[in-house]
Amino acid sequence: MKTLDVPVGARIPQALKKKLDQFCREHGLKMGFVVAAALEDKLGELEEELEDRALGRERLKDADFVPQDELSRYVKRRRASR
């Protein structure tokens with residue numbers, strides 16, 4: 001089944017556009033293919049990052065924390081016992 005391609009407008013830095021043009025020319029690729037592949041890849045990374053952050057927040061809810069002064073006393077005692 002053929003997918004329906006739609007135009008997307010975005011402003012990018014001129015240097016990035018030149019880099020994209022050169023990459024497509026050197027590798028014989030169409031710009032739409034490269035842009036779509038890059039977006040797909042980046043969106044996947046961002047989704048994974050958001051999932052990781054959500055997991056981290058969830059785990060921190062039940063975490064036991066030690067006050068800074070208690071940690072400092074512990075570290076000081078450990079260093080002194082060496």
Side chains of residues 7-25: which donor-acceptor pairs under 3.5 Å do they make with residues two or more places apart or in other chains?
| residue | atom | partner | partner atom | Å |
| --- | --- | --- | --- | --- |
| K17 | NZ | D21 | OD1 | 2.7 |
| K17 | NZ | D21 | OD2 | 2.9 |
| Q22 | NE2 | E26 | OE2 | 2.7 |

Notebook entry, point to check: Hey, what else clusters with L71 if you join Ile, Leu, Val, Met, Phe, Trp, Tyr whenever side-chain heavy atoms sit under 4.5 Å?
Noted result: V66, Y74, V75

Item checked: K76: side chain to side chain donor-acceptor pair (under 3.5 Å) partners, not counting sequence neighbours -> none

Note to self: Checking D69 now: which residues fulfil side chain to side chain contact (heavy atoms under 4.5 Å, CB included) with it, not counting sequence neighbours?
What the structure shows: P67, R73

Next item on the list: With sequence neighbours excluded, tell me which residues meet side chain to side chain donor-acceptor pair (under 3.5 Å) with R79.
Entry: none

Next item on the list: Could you pull out all residues at least two apart from E70 that satisfy side chain to side chain donor-acceptor pair (under 3.5 Å)?
Entry: none

Identify every side-chain donor-acceptor pair in residues 33-43 under 3.5 Å, counting partners at least two apart or on other chains, and give the distances.
| residue | atom | partner | partner atom | Å |
| --- | --- | --- | --- | --- |
| K42 | NZ | E45 | OE1 | 3.4 |

Check: Considering residues at least two apart in sequence or located in another chain, which fulfil the side chain to side chain contact (heavy atoms under 4.5 Å, CB included) criterion with R57?
Finding: R53, A54

Note to self: Going by the rule side chain to side chain donor-acceptor pair (under 3.5 Å), which residues pair with E51 if we only count those two or more places apart in sequence or in a different chain?
What the structure shows: none

Notebook entry, point to check: Under a single-linkage rule joining Ile, Leu, Val, Met, Phe, Trp and Tyr whose side-chain heavy atoms are separated by less than 4.5 Å, which residues share a cluster with L60?
Noted result: F65

